[in-house]
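Convention: sequence-line order gives letters A, B, ...; per-chain numbering from 1.
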There are 2 protein chains.
Amino acid sequence: MRDKEATKAKLLDAALEEFSQYGIAGARVDRIAATAGCNKAMIYAYFGSKEGLFDELLKIQVDRMIQEVPITPEDLPGYAGRLFEAYLERPQLLRLVAYHRLENGFSEVPKAEAEAYKHKIEAVAQAQMEGRISAAFNATNLLDLVVHMSILAFSTPNATRELVERSVRRLIAE
Amino acid sequence: MRDKEATKAKLLDAALEEFSQYGIAGARVDRIAATAGCNKAMIYAYFGSKEGLFDELLKIQVDRMIQEVPITPEDLPGYAGRLFEAYLERPQLLRLVAYHRLENGFSEVPKAEAEAYKHKIEAVAQAQMEGRISAAFNATNLLDLVVHMSILAFSTPNATRELVERSVRRLIAE
DNA sequence: AGCTGTCAACTAACTGGTTAGTTGCTACTA
DNA sequence: TAGTAGCAACTAACCAGTTAGTTGACAGCT
């Protein structure tokens with residue numbers, strides 16, 4: 001079967017496993033190709049470099065997460081809980097993002113992510129102005145806190161969705 | 001100057017920079033030796049391996065942090081704030097721990113850290129039993145939450161000590 | 001005090017294996 | 001048969017770890 005898109009997809013699947021397990025520096029191009037069942041040269045044909053593969057992978061995964069877990073400004077505990085659950089189901093994404101943050105810092109956040117985050121802050125601010133949710137924190141801080149709670153599993157193996165939701169409920173209590 | 005301890009100290013200093021910047025897989029032994037201004041073979045003489053060097057470095061750094069920021073069960077917001085501040089002053093430690101978690105999972109927590117954490121949970125539980133602090137969460141969850149809040153800077157560049165303390169105050173509000 | 005044997009600290013050069021990235025060729029498909 | 005997908009084989013650079021040999025301080029002896 002000679003199918004460009006299918007090959008790219010297999011490489012991206014393999015890359016998700018590899019990068020999330022070993023990080024960018026620790027990932028091995030040969031292993032990715034072997035897992036994908038195709039040749040290493042394909043990575044360079046389709047993604048340019050190891051870093052290019054990582055970047056495209058991260059973008060795809062982040063975009064999917066943004067789509068699958070839309071924000072609900074009037075139900076921030078639920079949003080945090082759903083995010084938390086999504087990270088549990090797809091533990092690779094959180095690891096991917098963590099490695100990316102560690103190696104590139106905050107400055108090089110993927111554009112799509114930064115854009116989506118801005119819109120979320122605005123949605124939260126809107127809900128606050130209309131008095132639908134707590135204004136105890138400004139919109140940026142509030143969203144930062146909610147997102148931070150959703151990655152509680154990064155800190156502790158004892159994290160549960162219920163704990164995350166209860167925490168956010170307390171954070172935004174009047 | 002032929003001084004074993006001084007050489008070990010220089011290597012550990014260099015290793016802190018290298019490992020916190022590049023991670024374990026990304027760190028380069030030659031670079032550590034060059035930064036320390038001594039020979040690479042000394043790393044193998046004194047620490048056995050690249051991983052051995054990392055492990056000893058992490059242990060030292062964690063022990064220091066445990067000593068420098070003792071828990072105050074009756075003032076958990078303050079404890080979170082002090083931890084946060086300490087991480088800001090020593091950003092390398094948080095990165096070291098993050099890399100270690102990513103590469104080794106929760107299972108291989110350094111023994112000293114696990115032991116110290118147990119004692120902290122007990123101290124929190126004690127304070128709760130004596131009615132000195134909120135019992136809204138069980139002691140383990142509560143300490144997990146407090147520690148998680150102290151690493152808010154890992155999530156967002158907007159984090160401040162005031163924000164961390166205010167958040168913890170809300171989490172433990174009656 | 002001067003001489004010397006000993007050993008820990010240190011070094012330069014090397015090794016064997018690994019790794020990201022390349023290239024020239026084959027085979028499939030339209 | 002023209003163009004594209006795919007691959008085996010290759011390369012140059014890199015990297016963790018080793019080793020054979022050097023240096024310097026100090027203890028013990030005279």
Q: In whole Å, what is the span from the NZ atom of Lys4(A) to the C1' atom of dC28(C)?
A: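 Atom NZ in Lys4(A) sits about 16 Å away from atom C1' in dC28(C).
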Q: What is the distance, rounded to the nearest whole Å, between atom CD1 of Ile32(A) and atom C1' of dC7(D)?
A: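 From Ile32(A) CD1 to dC7(D) C1': 18 Å.
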Q: Select base, sugar-phosphate, or nothing to describe what Ala25(B) touches, counting heavy atoms under 4.0 Å on all strands.
A: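 No contact.
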Q: Give the nucleotide from the list dA20(C), dA16(D), dC7(D) with an atom nearest to the side chain of Lys40(B).
A: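 Of all the options, the side chain of Lys40(B) is nearest to dA16(D).
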Q: Using the side-chain heavy atoms of Tyr46(A), tell me which of these nucleotides is nearest: dT11(C), dA5(D), dA16(D).
A: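 Selected nucleotide (nearest to the side chain): dA5(D).
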Q: Tell me the interatomic distance from Leu53(B), atom CG, to dA16(D), atom P, rounded to whole angstroms.
A: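 Rounding to the nearest Å, CG of Leu53(B) and P of dA16(D) are 11 Å apart.
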Q: Once rounded to the nearest 0.5 Å, what's the spacing between atom CG of Leu88(B) and atom CG of Leu83(B)?
A: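 Reported to 0.5 Å precision, the distance equals 11.0 Å.
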Q: Could you tell me the separation between the CD atom of Glu51(B) and the C1' atom of dG17(D), rounded to a whole number of Å?
A: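 The answer, rounded to whole Å, is 12 Å.
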Q: Nearest whole angstrom, please: distance from the P of dA12(C) to the CE of Met42(B).
A: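 After rounding, the gap between these two atoms is 11 Å.
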Q: Side chain of Ala41(B) only, please: which of dT19(D), dG21(C), dC7(D) is the nearest?
A: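 Of the candidates, dT19(D) comes closest.
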Q: Would you kindly give the CZ-to-C1' distance between Arg31(A) and dG21(C), to the nearest whole Å?
A: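 Nearest whole value for this atom pair: 17 Å.
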Q: Round to the nearest Å and state the distance from Lys8(B) atom NZ to dA9(C) atom C1'.
A: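 After rounding, the gap between these two atoms is 13 Å.
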Q: Rounded to whole Å, please give me the gap between CG in Asp3(B) and P in dC7(C).
A: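 In whole Å, dC7(C) P lies 21 Å from Asp3(B) CG.
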Q: Please answer whether the main-chain N or O of Pro77(B) pairs with a side-chain N or O of Arg169(B) as donor and acceptor at a distance below 3.5 Å.
A: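 No; zero donor-acceptor contacts below 3.5 Å.
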Q: Tell me whether Glu130(B) at atom CD has more than 12 heavy atoms from other residues, nucleotides or ligands lying less than 6.0 Å away.
A: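 Counting other residues, nucleotides and ligands, CD of Glu130(B) exceeds 12 neighbours.
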Q: Taking the cut-offs as 6.0 angstrom to the six-membered ring centre and 45 degrees off its axis, would you call Arg82(A) and Tyr87(A) a cation-pi pair?
A: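 So Arg82(A) doesn't make the cation-pi contact.
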Q: Would you mind telling me which of dG17(D), dG21(C), dC7(D) lies closest to the side-chain atoms of Tyr44(A)?
A: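 Given the options dG17(D), dG21(C), dC7(D), the side chain of Tyr44(A) is closest to dG21(C).
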Q: Is there a donor-acceptor pair under 3.5 Å between the side chain of Lys50(B) and the backbone N or O of Ala27(B)?
A: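 Flag set: sc Lys50(B) to bb Ala27(B) pair under 3.5 Å.
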Q: Of the nucleotides dA16(D), dG6(D), dT19(C), which has the atom closest to the Asp30(A) side chain?
A: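 Out of dA16(D), dG6(D), dT19(C), the nucleotide with an atom closest to Asp30(A)'s side chain is dT19(C).
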Q: Which nucleotide in the set dG21(C), dT11(C), dG17(D) lies at the smallest distance from any side-chain heavy atom of Lys50(B)?
A: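 The answer is dG17(D), which lies nearest to the side chain.
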Q: Tell me which of Arg28(A) and Asn39(A) sits closer to the 5' end of DNA chain C, going by the nucleotide each one is nearest to.
A: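 With Arg28(A) and Asn39(A) compared, the 5'-side residue is Arg28(A).
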Q: Does a side-chain N or O of Thr7(A) approach OP1 or OP2 of dG6(D) to a distance below 4.0 Å, or not?
A: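 It does, given that an N or O in the side chain of Thr7(A) lies less than 4.0 Å from OP1 or OP2 of dG6(D).
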Q: Would you classify Ala33(A) as touching base, sugar-phosphate or nothing, given that sugar-phosphate means primed atoms plus P, OP1 and OP2, and contacts are heavy atoms under 4.0 Å?
A: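 Ala33(A): no heavy atom of the nucleic acid under 4.0 Å.
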